[in-house]
Amino acid sequence: MINNPHSPKAQLKKILQYYFEENGLVYSDFCIFVPIYGLGDKLAYLSALHHIKEKGIKICILSKSNDVMLFLYKELADFIILNDEILLNPWLHGDNYISPGNIFFMWHSLYFDGILHEVKGERKGVFDNYIGGHKLAVKFSMGLPVDATLNTLNAIKLIKKNDISEDYVFISPISNSYASSMDGDKLIKLIEWFKNRSITVILNTTNNDLVNTNFDNLQSVNFFNGSLIECLELAKGAKLSLNSRSGLSELYSMLDIPFIDINGEKMGNFWSLKDNFFRPPIYELEGIDQLSEEFLTIFSTH
C-alpha cells in the first residue's frame, strides 16, 4: 500500500524524527544515507556527497558502530546515527531517491554491471561504451549526470605512517565482491617470489581470517589483522602494496598511496582499472604469472 503509515519505512521515519527532535534538529532538513556495500562502493557514494550538500540538503548517515568507514562518515556528515539494533532492508525502508526527509540506501544494484540485458541472445550492458565502473553506477543511482565530479576525501590527514623501519610489501589478497586472483597456490607463489629476494612480506588477514586460516603455516611472513586506519598506515609506509582488485585499491588511490593491482581476468571498458580509480595503480598484473625481473625493478626503484 502506498504511504502506509504502518509500513516499516514509515515506522523507521517516525523513530528518526523523534531522535532528531531529541537532539534539537529538524528531520526534514536531512536526507538519511544508509551505507550497505563494501569499501569501494561506499567510497564512491561518499565522494559524490558534495553534490548533495550543494543543493542545500543536510546529510545524516545511519551507520553501524563497527563500520570501518565510520571515521570518514564523521568527516563528511552533518549528523550521524549509530544503528546496531535495527535490521534495515533497502526494499522495505528506502525511498530510492535523494530528497530532504527521505531515506536513501547507498546501493546501485539496478545499475550494477552496466545494466546487463539480452540483445539477440547476447548479454550486453547499457553502459558498455562508458568507463568508470560502479562510480558511474553510483552517479546514476543518485540522479547525477555522467560527467559529475567525484571528490577525493580530505582523509589523508588522519592516516599516519607506521614506525616500521625496514622495507616491506603489504599484500591484501581478499576482495569482498571480486573473485580473488591470489587464492591458494597463487598467493603462496607471490609470497615466495618476494621471500626469495629477501623482501619482507606483511599479509593482510583482516577479512574474517580467511587468509590466516589457510596460510598460517607460512614461515617468515608477518600477519596483520587490525582496523582500517591501521591497515592504511601500513600501506602508507610500505615499499609497495599489492591488492586483489578490491575497495582497498580504490581507497589507496584516493589517499595517494602507491599500489599494484592484481586482476584475475581481463576487464571490459565499463570496469576499466585505470578509470575506475581516482588515481591509477602504478602497475597492473593480469595474474601472478606476470611476475618477472621487470616487476622487481619496479619494486626496487619505487
Side-chain angles (χ1 to χ4, degrees), residues 35 37-51 67-69 71-73 75-76 106 108 130-139 142 144 146-162 168-178 180-182 202 204 206-207 224 227-286 290 295 298-299 301-302:
Y37 272 137
L39 289 179
D41 303 80
K42 292 176 182 177
L43 198 62
Y45 277 106
L46 295 179
S47 63
L49 287 183
H50 65 284
H51 290 289
D67 191 319
V68 296
M69 303 283 273
F71 73 101
L72 287 178
Y73 304 159
E75 292 288 306
L76 294 168
M106 296 160 65
H108 52 75
Y130 290 94
I131 54 179
H134 59 224
K135 290 182 176 60
L136 181 66
V138 161
K139 294 177 187 179
M142 295 180 74
L144 300 175
V146 173
D147 59 355
T149 59
L150 298 182
N151 282 357
T152 56
L153 306 180
N154 187 25
I156 191 67
K157 62 183 180 181
L158 303 174
I159 310 302
K160 301 176 182 178
K161 190 174 181 178
N162 71 80
Y168 61 90
V169 294
F170 184 50
I171 302 177
S172 300
I174 294 296
S175 172
N176 286 328
S177 57
Y178 184 76
S180 176
S181 56
M182 288 194 278
I202 300 178
N204 185 359
T206 304
N207 192 335
F224 166 76
S227 70
L228 180 59
I229 290 182
E230 292 170 328
C231 171
L232 295 174
E233 289 174 349
L234 271 177
K236 187 175 181 181
K239 184 72 173 178
L240 278 180
S241 294
L242 296 92
N243 304 316
S244 178
R245 192 171 194 265
S246 67
L248 267 181
S249 291
E250 297 184 52
L251 194 51
Y252 290 173
S253 73
M254 174 174 280
L255 299 178
D256 204 18
I257 296 174
F259 69 100
I260 288 175
D261 205 79
I262 299 180
N263 176 27
E265 60 186 66
K266 196 71 177 177
M267 309 299 284
N269 286 339
F270 183 72
W271 289 110
S272 167
L273 284 175
K274 290 183 178 179
D275 295 290
N276 199 38
F277 295 127
F278 293 90
R279 295 180 182 87
I282 62 172
Y283 193 75
E284 295 178 20
L285 284 173
E286 290 299 327
Q290 278 193 356
F295 183 71
I298 291 173
F299 174 83
T301 58
H302 179 72

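Looking at residues two or more places apart in sequence or on another chain, you find a ring pair (Phe, Tyr, Trp, His ring centres under 6.0 Å) between F224 and F170. Take Y252 and apply the side chain to side chain donor-acceptor pair (under 3.5 Å) test, not counting sequence neighbours, and it matches no residue. Scanning for salt bridge (charged side-chain N to carboxylate O under 4.0 Å, His left out) contacts around K139 gives an empty result, with sequence neighbours left out.
Between the side chain of H50 and the main chain of L150, no donor-acceptor pair closer than 3.5 Å is present. Side-chain atoms of E230 come within 3.5 Å of backbone atoms of S227 as a donor-acceptor pair (strictly under, hydrogens ignored).
K236 has its side chain out of reach of L255: every pair of non-hydrogen atoms, C-beta onward, lies at least 4.5 Å apart. At a threshold of 4.5 Å between non-hydrogen side-chain atoms, the residues S47 and M254 count as touching. Side-chain contact between M106 and D41: absent, with no pair of heavy atoms (C-beta onward) separated by less than 4.5 Å. The closest side-chain heavy-atom distance from S241 to I260 is not below 4.5 Å. Using a 4.5 Å heavy-atom cutoff, the side chains of D261 and F259 are in contact. Within the 4.5 Å cutoff, the side chain of N204 has heavy atoms near those of the L248 side chain.
Using a 3.5 Å distance cut-off with no hydrogens or angles, the side chains of E250 and S253 do not pair a donor with an acceptor. When only modelled atom types and interatomic distance are considered, S249 and N243 share a side-chain donor-acceptor pair under 3.5 Å.
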